[in-house]
Every structure is written in C-alpha cells, then in structure tokens.
Amino acid sequence: MAVERTNRDVRTLITQIAAGEIMLPEIQRGYVWKASQVARLIESLYRGYPAGSLLFWKTGQPAETREAAIGAPQALPNVMPLYLLDGQQRLTSLFRVLTDHPDAQVVFNIETEAFQNQSAATRRNRKWIKVYDVVGPDADMFAIHGELKGAGLAIPEPEIGRRLSALQKITQRDFHMEVLHEFEYEEVADIFVRVNSGGRALKTTDLALATLSARTPGFLGQLETESARWAEHGYGALDVNFLIKALTLSLSTTGKRLASVAKLTAASKEIVEAGWEKVRRGLAHVVPLLEQRLLIPTTALVPSLAALHPLILYYGRQPEGTKIAKDVENGLLYWFLAATARNRYGGSTDTTLTQDIRMLDAEDPVAALLGNLGIRDGGLSVTASDLAGRNHQSPYLMFCYLAVAHAGAMDWWDGGPISEGVDKSGKPQYSLIHPAAKLRSHGSKYSSAEINELANIVFVSEQTAKNIIGTRSPAAYLQSVGASDRTAHAIPTDPAVLDPEGYRAFLAARRNLLAERITKLLDQFRPGFLTEGITATETSASKSFVLAGYTGAGRSVLAAEAEADGQNWIGWVDPSDFEAALDAAATGLASDVPVGDETAPLRVDDEGSVTFGLGPFVIRGSLDQWRTAVKDAFEDARPLAECPEPNDDQWPAEPEEFLLSDAGVHVA
C-alpha cells in the first residue's frame, strides 16, 4: 500500500471530471453546498487563500460509483479513474462555475472585489461580472475590459486589468492531492469516515452508508431506488437518510437508544437484508394508508417524518399477507394524527422514538402508544383557540389541509382537487384569503402575525391566487366562487367578515369552522375504547417566543422577544450573522452567533434539527423553518426606531426547549 502526493491545477481537475477520470465512489454523500459557499470558495481562490487538499483512491478493480451533481454526464474513461474521497463539495462547485451551471452563477464586483450569486440587481449593475464570462473557454477579456471602462468605476484602469487577470488565474490554482494505492474497499471506507469526520461532521447516516456500501456494494442503489419510488407518489422526503434511520430502527430491539447506528454497522449482511425487507414492507403499507385514508398528497405536509417510523416498523414486522384488523389500522392512524397535533416529534426524536417503538410489543399497541401521549380515556379534540396565532410553520397546517381535503375542496381556477396543487418543491400551494396588501394598508394596523394566521390560508393554486384573488378583498372576488366551493374550503358566509374591517371576526369564525372539521376528522379514526372529545390539546399563556424584523438607516435587526415565568427577555441579532450561521449549519457546522454583547450557540444535530439558545429558551426547528421564520420576520419589517431595547442579560434559570413551530403562540 502506498500514498502518492502530487499537485494539479483547477482546470486539469475539471477536465478529468468531464472525461470520467475522476469519479465519486458509492460511499460519498450527495452535493449539499449552498450558493453562498460556492461564492466564498471562488473568493478564496481569487485571493490566494488555502483551499484545502484533495484525497483520492486508485484501484485496479472497478468500484461502485454514484452520479456527480455536475449537471452533465461524465464520459467513459480511457484509464482507470481516481475515486474522490475528500473534496467533492469543492470540485463539484468548481466544475459548476467553470461550466456555467444555472445554480452556480457566481458574480464578481470589479470595484469592491466582492463575490456572490447572480441576482436581478447584479444583472442591472455593470460593475458586476459573471465569473464564467472571465474564466470560460470563450472569454473575451478585451471586450470585458472595454465595457468596464465605461461603467463609472472608482478604480484606475490598470487596476481593472490586474483584478481581471487575478480572477482569470483561479483556474491555474493548484490543489495538493494525496492518492491511495492498493487499499481494499472496506479500508478506504474507514479512511473516508475518519477524514470526513475530522472536517465537516458526518451525520450518523453518512457513517452507516459508508460502512454498508463497503460491505455490500450496490446497497446505496437499492436505497435510492426505493426513495425514488415514493418520490413519484409525492413522498420525496422519504430519502436515503430517512430509509437508513428506518433500517436502523428495524434492527434494534433492546437498549436505551434503539436508533443506534452502531447496531446497524455491527449487524451481519443477512440481518441487514432482513431488516431492509421489513422497511420496504412497512412503507408499502404505510404510504398508501396516508394517501388513501388520510388524503395526504405529499410529505411536505407532515411536520415530522419521525412520526412515520412506528407505523412503518409495526407493518414491517407483520408477515407478508397479514390482514390488519380495521380497528387497529384506524387506531394507528389516530395515534399518528394525535402525535402530530401534540407535536410529539417536534423536539429531539431518539428518546421519543424509543418510548413509542417499545409500545409496539404491548398486548394492545394502539392503547399503549396513545398512553405515551397521555390519551388514555378521552379522545382528542381541537378547539378554535388551538389554531389562534398559528402560521404555516405550525403542525396544524396539515390538519387545516385535511379539513378541507376531506370536504372535497377543489381549486377555484381549474376545478381540480387541491391534491394536485403541489409545487415543484413538493409543497402544497396556498394563498391568503384576505390578501396581505389589502390588510396592511387598512387603518386597523393588522400585524404580520394576524395576517399570516392559518385561518387566513386557503389551499388553491398560483393561478387562483393570481387570477381570482389578486389584491382584492374576499367580498370582491368570492362572488365568482361557487357556494359549494366556498363551503368546502370552510369560508365563513357572513358578508360582514369579508371586508378588511371585519378581518378579526373573520379569523375567529374560520378558526371555529376549521376546528370543528379537524375534530370530526379525528373522530373518524378514534378507537372505540376512547370516550368522545374529552382531552383537548394543551394551551397556556406561560411562555412565548416571537421573531420580528426592524430596518432603518442602512441597518437591519432581528429582534427575539421571549416570555417565561412572568419575565420578558429581548435580544438583538444581526440577520446577516444569523444567515451565515444557518449556511454553516447546512453543512453540519455549529456556530456562535452574536446577540448583543454576548454570543448564543447555534447547533445542528444528525437529523438536521437546528437549536439556537436565546434567553430562557433553546429554540428548536428545521433549517427550512429557521430560514422561513427570518424571511417572515422581515416581510413586514418595522422601522428600527420602533424596535424594543434589548435586555439580553444572562437568563438566571436553565433554558427550556421551545419549538420554533410554536413561535408567536403562547404554549404550556
């Protein structure tokens, strides 16, 4: 065994990727970098900063590979390829930039020497030039230089030429390479784990995949095929990571932490194959149940996919051809709905999963699962107050959708079922019944929280939002919508609530309509041993958390306002610092974010859940939830002069967990 050390420039490496002379082994993860990270890499090369080394493996035997996310097919190599073990994110990003990939449109400001992704503003500004136009094969430096001379730059002409030359030379930058020779695949997988765990932290699922791929080449392909199968049903979130988690749970029978990856990586090939068959059998039962019985068209509606694992495991354990009693099937679906309403998996999931999966071995698993939710005698009911203050980040978004789907709601534009109104990202399309523009201009000074309440959301297509709703109040456009369609979507009939001045009464009326329907839906699946509608969801005014955006004098502030134990806490966060921390979290890296004169920890776990410590709380949410929360906070930003002064002293008590989905809502 030997390690070869050498150097190659960027252009040569990109040429080798296109020629198939550099391939990704199956153990590699997918491409995950954000546009901002790509821009920072190009900036590092431009400034001559270290860009890290690359690790390859060379073997005389063909290895299982995975497709590179370069946006173009790789050629069949004329030589045995090098398999890339460390550096995939960087080389893929460079390939994209140097081949003009639509998701890697990095631009350079010749005056400030700043880099970012292309935007409408940079397209209009002649000081910004696309990196590809300078480094691409058809670059016309004379023409670019000439255009820049007429752009009114505050730098001398020779400096323009120097900066363009420095940008062009990024393709000549060398990367240090180490190439492993004569190593066995399992040993290479171990090296991959060690190397990548030392840099960007690998998720436990990545570690499991590396080990399983080494032991059973082609296994990743099976996972990807299964994931693609369910993506065709709209269940795209059942990805490889989800399947690895399900497989891990299927192999675990004892221990305090059932989802231990150590159990998966230590299991024999035969045990893993048996567990994988259970996962596939479980999915084959559960997905149709969700689609056909609950009418859930996409996993984007499911607040936490962890709630699916007990169902998948239960059905996967049943021998092929087993007929599940209808009352048990209904009871399991009732538990899934109740667990979602109670946000059971909104926090750390491993402990909760362990508790629930153990209940599958009980004599009456449905009763045992409901017992874990505290539902032993009374059934679950949803009240109007449970919906108050909730927005599209709330678990109740799914219930509001189901409330109208089960009433046969159709789109107002094309007349098709609302299940067809799913956008390219797999998310259900919806609009506001009372348009935001109409409410913001009204003298009642409706807050963003009020405007974006769930009770103001209607599940209709973009065409309906554009061609029927527009910026008109419901009093103006609902006359073109049939009475049965309005009823199916739970639209109040009182004309007084359809104008902006009656908006708060509209919210109250629609909350009541939706809550009644949601409870009716729950009752369809309620087990016979539960009495009707006694246990309500828990609400209290003991603690709350709100994010609000303020701007002015060229500055933006993200104000975090928390209430706990009768005390208020306010902290100021720079939104650019926070966005940078979220970008880092997307790659698995933790950050400390400035909050006033202190810093607050932002952490990401193996499941992609992000926690941020602020005053009395450790706020937990997904990356998408955090990004959406920041966007929503600044959608209706208020003047900086109105921002409350921070009192961000150290909180005297131990911080409690608070779910981001409950932001803006008083909870117990």
Side-chain angles (χ1 to χ4, degrees), residues 34-40 43 106-107 109 111-125 127-128 391-393 436-437 439-441 445-452 544-563 568-586 589-604 610-615 617 619 621-649 658 660 663-664:
K34 303 291 185 183
S36 58
Q37 293 170 285
V38 179
R40 285 199 294 269
E43 181 179 13
V106 179
V107 291
N109 189 305
E111 190 171 74
T112 65
E113 296 182 281
F115 290 82
Q116 69 171 65
N117 211 44
Q118 181 78 280
S119 68
T122 61
R123 286 190 182 93
R124 293 192 298 268
N125 190 331
K127 297 177 182 180
W128 289 93
N391 62 24
H392 62 102
Q393 301 240 52
L439 295 176
R440 288 188 183 121
S441 62
K445 295 184 178 180
Y446 298 115
S447 68
S448 291
E450 287 179 294
I451 293 170
N452 293 310
S544 66
F545 174 77
V546 176
L547 287 173
Y550 298 87
T551 60
R555 184 186 180 193
S556 296
V557 167
L558 182 64
E561 304 178 42
E563 177 188 341
N568 293 313
W569 182 93
I570 299 172
W572 285 14
V573 180
D574 185 312
S576 60
D577 288 340
F578 191 61
E579 289 284 1
L582 291 178
D583 285 345
L589 297 177
S591 303
D592 289 321
V593 181
V595 179
D597 295 330
E598 305 293 331
T599 59
L602 186 143
R603 303 290 182 259
V604 58
V610 175
T611 57
F612 188 31
L614 287 170
F617 303 130
I619 317 295
S622 68
L623 265 172
D624 283 346
Q625 284 179 321
W626 277 111
R627 293 191 192 280
T628 302
V630 174
K631 179 183 177 182
D632 288 349
F634 284 99
E635 190 176 72
D636 191 25
R638 287 170 273 180
L640 187 59
E642 297 179 8
C643 186
E645 288 297 318
N647 58 342
D648 50 9
D649 296 333
F658 192 102
L660 186 58

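Here the structure is a predicted model, which means the values were calculated and not measured.
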Report yes if some heavy atom in the side chain of Val38 is under 4.5 Å from a heavy atom in the side chain of Asn117; otherwise report no.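 They are not in contact (no side-chain heavy atoms under 4.5 Å apart), so the answer is no.
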Reference residue Leu623; test side chain to side chain contact (heavy atoms under 4.5 Å, CB included); the match among Leu582, Val604, Thr628: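 Only match with Leu623 under side chain to side chain contact (heavy atoms under 4.5 Å, CB included): Leu582.
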Nearest-0.5 Å distance that lies between atom [atom1] in [X] and atom [atom2] in [Y]:
{"X": "Leu547", "Y": "Phe634", "atom1": "CG", "atom2": "CZ", "answer": "9.0 Å"}
{"X": "Leu614", "Y": "Leu602", "atom1": "CG", "atom2": "CG", "answer": "9.0 Å"}
{"X": "Ser544", "Y": "Phe617", "atom1": "OG", "atom2": "CZ", "answer": "6.5 Å"}
{"X": "Cys643", "Y": "Ile570", "atom1": "SG", "atom2": "CD1", "answer": "7.5 Å"}
{"X": "Trp569", "Y": "Glu561", "atom1": "CH2", "atom2": "CD", "answer": "10.0 Å"}
{"X": "Gln625", "Y": "His392", "atom1": "CD", "atom2": "NE2", "answer": "9.5 Å"}

Donor-acceptor pair, [X] side chain versus [Y] backbone, under 3.5 Å?
{"X": "Thr122", "Y": "Ser119", "result": "yes"}
{"X": "Arg440", "Y": "Tyr446", "result": "no"}
{"X": "Asn452", "Y": "Ser448", "result": "yes"}

Write down the atom of [X], the atom of [Y], and the distance for their closest heavy-atom approach.
{"X": "Asp583", "Y": "Lys34", "result": "OD1-CG, 4.3 Å"}
{"X": "Pro646", "Y": "Gly571", "result": "CB-CA, 4.4 Å"}
{"X": "Glu111", "Y": "Lys127", "result": "OE1-NZ, 3.1 Å"}
{"X": "Phe545", "Y": "Ala562", "result": "CD1-CB, 4.2 Å"}
{"X": "Glu450", "Y": "Lys445", "result": "OE1-O, 4.4 Å"}
{"X": "Ala114", "Y": "Trp128", "result": "O-CZ3, 3.5 Å"}

State plainly whether the residues Arg627 and Asp632 are in salt-bridge range, i.e. N to O under 4.0 Å.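 Salt bridge: no.
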Between Trp626 and Phe578 (judged by ring centroids, cut-off 6.0 Å), do the two rings come close enough to count as a pair?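 Yes, the ring centres sit under 6.0 Å apart.
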Judged by modelled atom types alone, do Ser576 and Asp574 share a side-chain donor-acceptor pair under 3.5 Å?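 Side chains of Ser576 and Asp574: pair found under 3.5 Å.
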